[in-house]
Amino acid sequence: YAWTFGDGATSNITNPTHTYTTPGDYTVTLTGTSLDGYCTASATEIVHINAPPTANFTLNPSSGCVPLIVQFNNQSVGAAYSYWDFGDGNTTVNTNPQHTFTTPGTYTIQLIVQGINGCSDTLAQFINVNPVPTAAFSYQPTGVICGPNIQAQFTNASTGAVGYEWSFGDGGISNLTNPNYDYLTAGTFTIQLIAINQFGCK
């Protein structure tokens, strides 16, 4: 037996396996020679190798704080059909979807594309969804306070935070965990605490 596969490769195996690495039409010829070596016969077939699609996509952003809204841009080539798996139990067949991640974690995003010839390709990328800390505080004294020159003592009850930004409502600020603050004028003040975690989420 003498095989020619149309791409320059040959074989003398009875039932060979051959791998084509480039799309195209290939003429495959099998020539059989009789035991005495005098008689030959040939058979020819055309093998068509389809070009597979190439899966590719970008995502923006690739990490952030929950809830994280991510825009996906499908940049696949030769794809007639797209299937997205966001790794959180949600999927879609939209070409350029937008998805909101509502739970912290690391998610594997898969894009599976298929061409009109049935060939497919898959690409996976990762997204980090970071948690948000919880800001809480109390202060003493409370209620209606006669002043001015009143010192308020703030107790930070935040969770999941490593940094703090206090605003005391009269222009005063602090980055301490449990600050004390002197109010020098009478009035009603709105106090704000911003808690920040190691991921920069507030």
Side-chain angles (χ1 to χ4, degrees), residues 1-133 160 162 197-201:
Y1 306 97
W3 295 87
T4 60
F5 299 108
D7 61 352
T10 61
S11 177
N12 297 116
I13 298 174
T14 304
N15 297 298
T17 298
H18 182 64
T19 300
Y20 290 92
T21 58
T22 305
D25 293 323
Y26 297 92
T27 301
V28 180
T29 301
L30 168 62
T31 301
T33 304
S34 63
L35 293 177
D36 59 16
Y38 291 106
C39 299
T40 61
S42 297
T44 299
E45 294 284 349
I46 302 296
V47 174
H48 180 72
I49 306 299
N50 294 315
T54 301
N56 190 27
F57 68 91
T58 60
L59 48 89
N60 185 38
S62 60
S63 65
C65 307
V66 65
L68 182 64
I69 302 173
V70 181
Q71 178 64 52
F72 296 90
N73 183 23
N74 192 335
Q75 297 181 334
S76 302
V77 177
Y81 173 81
S82 299
Y83 174 82
W84 296 85
D85 186 337
F86 298 115
D88 62 352
N90 293 293
T91 62
T92 186
V93 295
N94 293 340
T95 303
N96 297 295
Q98 185 181 86
H99 184 63
T100 301
F101 294 87
T102 58
T103 303
T106 298
Y107 298 93
T108 301
I109 313 302
Q110 288 194 82
L111 170 60
I112 303 170
V113 295
Q114 189 176 69
I116 59 175
N117 50 32
C119 299
S120 63
D121 189 32
T122 302
L123 178 66
Q125 296 190 51
F126 299 96
I127 284 182
N128 292 314
V129 181
N130 300 317
V132 173
V162 296
N197 65 14
Q198 66 269 33
F199 305 108
C201 299

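Note that the structure is predicted; figures quoted are calculated from it, not measured.
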Report yes or no: does N96 contribute a side-chain atom to a donor-acceptor pair with the main-chain N or O of N74 at less than 3.5 Å?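 Side chain of N96 to backbone of N74: a pair is present.
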Taking C201's backbone N and O only, do any of them form a donor-acceptor pair with N130's side chain (distance below 3.5 Å, no angle check)? no
When you compare the side chain of [Y] with that of [X], does any pair of heavy atoms fall below 4.5 Å?
{"X": "T10", "Y": "W3", "result": "no"}
{"X": "N56", "Y": "L123", "result": "yes"}
{"X": "H99", "Y": "D88", "result": "yes"}
{"X": "L111", "Y": "V113", "result": "yes"}
{"X": "Y107", "Y": "L68", "result": "no"}

Tell me, yes or no, whether the heavy-atom count around I46 atom CD1, taken from other residues, nucleotides or ligands under 6.0 Å, exceeds 12.
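More than 12 heavy atoms, drawn from other residues, nucleotides or ligands, come within 6.0 Å of this atom.
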The complete set of ring pair (Phe, Tyr, Trp, His ring centres under 6.0 Å) pairs with one or both residues in residues 15-51, sequence neighbours excluded, reads F5-H18, H18-Y20, Y20-Y26
First locate atom CG of D7, then atom OG1 of T27, and finally report the distance between them rounded to the nearest 0.5 Å.
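One finds 11.0 Å between CG of D7 and OG1 of T27.
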Return a table of donor-acceptor pairs under 3.5 angstrom between the side chains of residues 57-64 and protein atoms on other chains or two or more places apart.
none

Listed partners of [X] passing side-chain contact (heavy atoms from CB on, under 4.5 Å), at least two apart:
{"X": "Y81", "value": "Y83, V93, Q114"}
{"X": "T92", "value": "W84, F86, N94, P97"}
{"X": "I116", "value": "A80"}
{"X": "E45", "value": "none"}

Smallest separation among heavy atoms of [X] and [Y], with atom names:
{"X": "N12", "Y": "A2", "value": "ND2-CA, 3.9 Å"}
{"X": "P133", "Y": "G160", "value": "CB-O, 3.4 Å"}
{"X": "P52", "Y": "C119", "value": "CA-CB, 3.8 Å"}

* Asked: Does a donor on one side chain and an acceptor on the other come within less than 3.5 Å for S42 and T31?
  -> yes
*Could you walk me through whether D85 and T91 pass side chain to side chain donor-acceptor pair (under 3.5 Å), step by step?*
CA-CA 5 Å; D85 186 337; T91 62; over 6 Å; no
